[in-house]
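Structure record follows, encoded as structure tokens.
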Amino acid sequence: MSRMIVQKFGGTSVGSEERIASVAQIIQKASIDNSVIVVVSAMSGETNRLIKLAKSFGENPSKREFDALISTGEKVSAALLAMALHQIGIKAKSYTASQISMRTTDSYSKAKILDVDGQKIQDALNQGIIPIITGFQGITESGDVTTLGRGGSDTTAVAIAAQMKAERCDIYTDVDGIYTTDPRVVPEAKKLDKITMEEMLEMAGQGAKVIQIRAVEFANKYNVPVRVLSSFEPGSGTLISLEEKDMENGLVSGIAFQKDQMKYTLHGVSDTPGIAYSILGPLSDANIEVDVIVQNISVDGKTDFTFTVSKEDEHATSEVIKQMKNSLDFDDVIVDSQIAKVSLVGVGMRTHAGIASTAFKALSENDVNIQMISTSEIKITIVINESAVTKAVKALHEAFELEK
Ligand code: ADP
Ligand code: ASP
Ligand code: MG
């Protein structure tokens with residue numbers, strides 16, 4: 001029996017008729033020795049166009065209709081790619097989430113995959129047909145269309161690889177692998193041959209959009225080897241390794257950053273037990289992910305409580321805070337929409353001290369003001385003004401000599 005692999009092609013990789021034709025060639029080559037399952041994103045720019053279009057009739061359209069609309073881009077590219085394969089004599093069929101029962105939770109725009117009907121995919125493979133599956137979309141129990149969050153096609157691909165027990169999931173994109181930081185921001189960034197699952201979880205979680213965090217979580221949970229590589233040029237890309245890394249390799253492996261963040265400070269909340277829960281509980285109930293959290297020391301029994309959320313959740317967060325006013329006493333809310341997060345990631349941090357001070361020195365020498373700091377075993381995250389991101393990332397990249 002031939003090996004089974006999943007190949008996922010991102011937006012730029014299927015961004016034009018020429019690109020789709022070239023992707024068809026990659027699939028044809030792989031299908032000589034492997035059973036290939038394909039997952040596609042919408043053509044580049046298409047999802048953004050649809051999101052803009054969705055705001056035509058008000059800033060906050062129905063969540064159900066929003067997902068019904070923004071999921072359509074993937075259907076176009078899947079059908080086009082099947083046609084391109086037919087043209088070169090390869091049997092292929094496009095499938096939507098509904099056709100392969102890609103079932104998700106019903107939290108629109110950030111739905112989580114529950115299960116998928118592998119039989120439909122297997123049937124196609126048994127007939128020598130290459131299944132081309134729409135990424136990013138799912139269906140609820142009642143058959144409504146959902147989407148998996150920006151970059152969600154990566155997760156579709158890894159989930160299918162896990163379900164089908166594929167040998168590997170190859171994520172084809174517009175860069176030739178995973179770099180020490182976004183190579184479009186720091187041209188000196190270095191491509192990594194391998195990165196540990198643990199590090200990739202932190203990098204993706206902190207904004208390295210080269211692969212969606214949920215995809216890495218799936219790969220980790222179901223032991224799916226994932227490779228990130230270019231659809232534009234040949235090369236072996238970067239393997240997200242299931243093995244532990246030898247500690248010889250640097251202290252910091254990479255730097256991730258995330259713009260489009262919001263910082264909320266509830267000023268003058270009473271410093272009593274349960275206060276964090278009464279703020280974070282309702283946010284969590286509304287499915288809003290809160291990241292960096294800081295509570296100040298109290299003065300006269302009152303304190304400040306600060307947290308960050310993604311700008312996508314701005315409207316939902318304001319609504320929750322408005323509601324909170326009924327049950328929680330605070331003086332006012334200070335909102336900062338000009339912030340960003342920068343994170344240093346590396347398993348070497350576990351065993352080495354002094355990383356934070358090297359980072360803070362580099363930032364101070366570059367006049368970058370730190371607003372918040374949060375650390376975990378293998379990560380340091382700082383919150384800064386959005387305008388300072390490029391400067392901060394470059395300074396840190398240089399301070400830890402990541403270009404070497
Ligand atoms: P696709 O459409 O193929 O899913 P994305 O735009 O979602 O592609 O992801 C690829 C982009 O991720 C790259 O063009 C690059 O700018 C960005 N990126 C951010 N961090 C990294 C990193 N550490 N290594 C490589 N690329 C990165
Ligand atoms: N098309 C979707 C997006 O732009 C999903 C993806 O590209 O992975 O976010
Ligand atoms: Mg992507």
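Order of appearance sets the numbers: ligands from 1, and atoms from 1 within every ligand.
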Task: Distance-only side-chain donor-acceptor flag, Ser310 / Asp260, under 3.5 Å - done: no
Open item on the list: Under a 3.5 Å threshold, yes or no: a donor from one side chain and an acceptor from the other, between Gln127 and Asp123?
Closed with: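 No, no side-chain donor-acceptor pair sits under 3.5 Å.
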Out of [options], whose heavy atom is nearest to [atom]?
atom	options	answer
atom 8 (O) of ligand 2	Ser153, Gly11, Ala42	Ser153
atom 14 (O) of ligand 1	Arg184, Arg150, Lys209, Met43	Arg184
atom 9 (O) of ligand 2	Arg150, Glu74, Met43	Arg150
atom 3 (O) of ligand 1	Thr173, Asp154, Val185	Thr173
atom 24 (N) of ligand 1	Tyr179, Phe136, Tyr172	Tyr179

Side-chain donor-acceptor contacts of residues 39-48 below 3.5 Å, not counting sequence neighbours, with atom names and distances?
residue, atom, partner, partner atom, Å
Ser41, OG, Ser153, OG, 3.2
Glu46, OE1, Arg49, NE, 3.1
Glu46, OE2, Arg49, NH2, 3.1
Asn48, OD1, Arg150, NH1, 3.0
Asn48, OD1, Arg150, NH2, 3.0

- [ ] Examine Arg184 relative to Tyr179 and say whether NZ or CZ is less than 6.0 Å from the centre of the six-membered ring and inside a 45° cone about the ring axis.
- [x]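 Relative to the ring axis of Tyr179, which defines the angle, Arg184 lies outside at least one limit.
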- [ ] Enter the distance from Met200:CE to Glu202:CD here, rounded to the nearest 0.5 Å.
- [x] 10.5 Å
Open item on the list: Nearest 0.5 angstrom please: Met83 CE to Ile20 CD1, how far?
Closed with: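 Nearest 0.5 Å value for the CE-CD1 distance: 9.5 Å.
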Open item on the list: Quick check on Pro183 - does any of its heavy atoms sit under 4.0 Å from an atom of ligand 1?
Closed with: yes
- [ ] Say whether Gly177 and ligand 1 are in contact under the criterion: heavy-atom distance to a ligand atom below 4.0 Å.
- [x]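 Checking ligand 1 against Gly177, which is what was asked, there is a heavy-atom contact under 4.0 Å.
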Task: Charged N-O contact under 4.0 Å between Asp154 and Lys8 - done: yes
State the atoms of ligand 1, each with its element, that fall below the 4.0 Å cut-off from a heavy-atom position in [X].
X	result
Val175	13 (C), 14 (O), 25 (C), 26 (N)
Lys8	4 (O)
Thr181	22 (C), 23 (N)
Ile178	24 (N)

Task: Within-cut-off N or O pair, Ser41 and ligand 1, under 3.5 Å - done: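 No, Ser41 has no N/O under 3.5 Å of an N/O on ligand 1.
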Open item on the list: Quick check: Asp182 and ligand 1, any N/O pair under 3.5 Å apart?
Closed with: yes
Task: Short N or O distance, Phe136 and ligand 2, threshold 3.5 Å exclusive - done: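 No; every N/O pair is 3.5 Å or more apart.
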Task: Heavy-atom gap Gly151 to ligand 2 smaller than 4.0 Å - done: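 Flag set, Gly151 near ligand 2.
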- [ ] Show the numbers, then the answer: is there a salt bridge (charged side-chain N to carboxylate O under 4.0 Å, His left out) between Lys311 and Asp313?
- [x] CA-CA 5 Å; Lys311 216 168 251 178; Asp313 287 326; over 6 Å; no
Open item on the list: At less than 4.0 angstrom from any non-hydrogen atom of Ser41, what atoms of ligand 2 do you find?
Closed with: 6 (C), 7 (O), 8 (O)
Task: Nearest-neighbour protein heavy atom for atom 27 (C) of ligand 1, which is reported as residue plus atom name and distance - done: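 Protein heavy atom at minimum distance: Val210 CB, 3.6 Å.
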TODO: Report the nearest protein non-hydrogen atom to atom 11 (C) of ligand 1: residue, atom name, distance rounded to 0.1 Å.
DONE: Asp174 OD1, 4.0 Å
Open item on the list: Take a 6.0 Å sphere around CD of Glu398 and say whether it holds more than 12 heavy atoms from other residues, nucleotides or ligands.
Closed with: no
Task: Lys302, NZ atom: more than 12 neighbouring heavy atoms under 6.0 Å - done: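 For Lys302, atom NZ is crowded (more than 12 foreign heavy atoms under 6.0 Å).
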Just distance, no hydrogens or angles: give the donor-acceptor pairs under 3.5 Å from side chains in residues 339-349, sequence neighbours left out.
residue, atom, partner, partner atom, Å
Lys341, NZ, Gln258, OE1, 3.2
Lys341, NZ, Asp291, OD2, 2.4
Ser343, OG, Gln206, OE1, 3.2
Ser343, OG, Thr381, OG1, 3.0

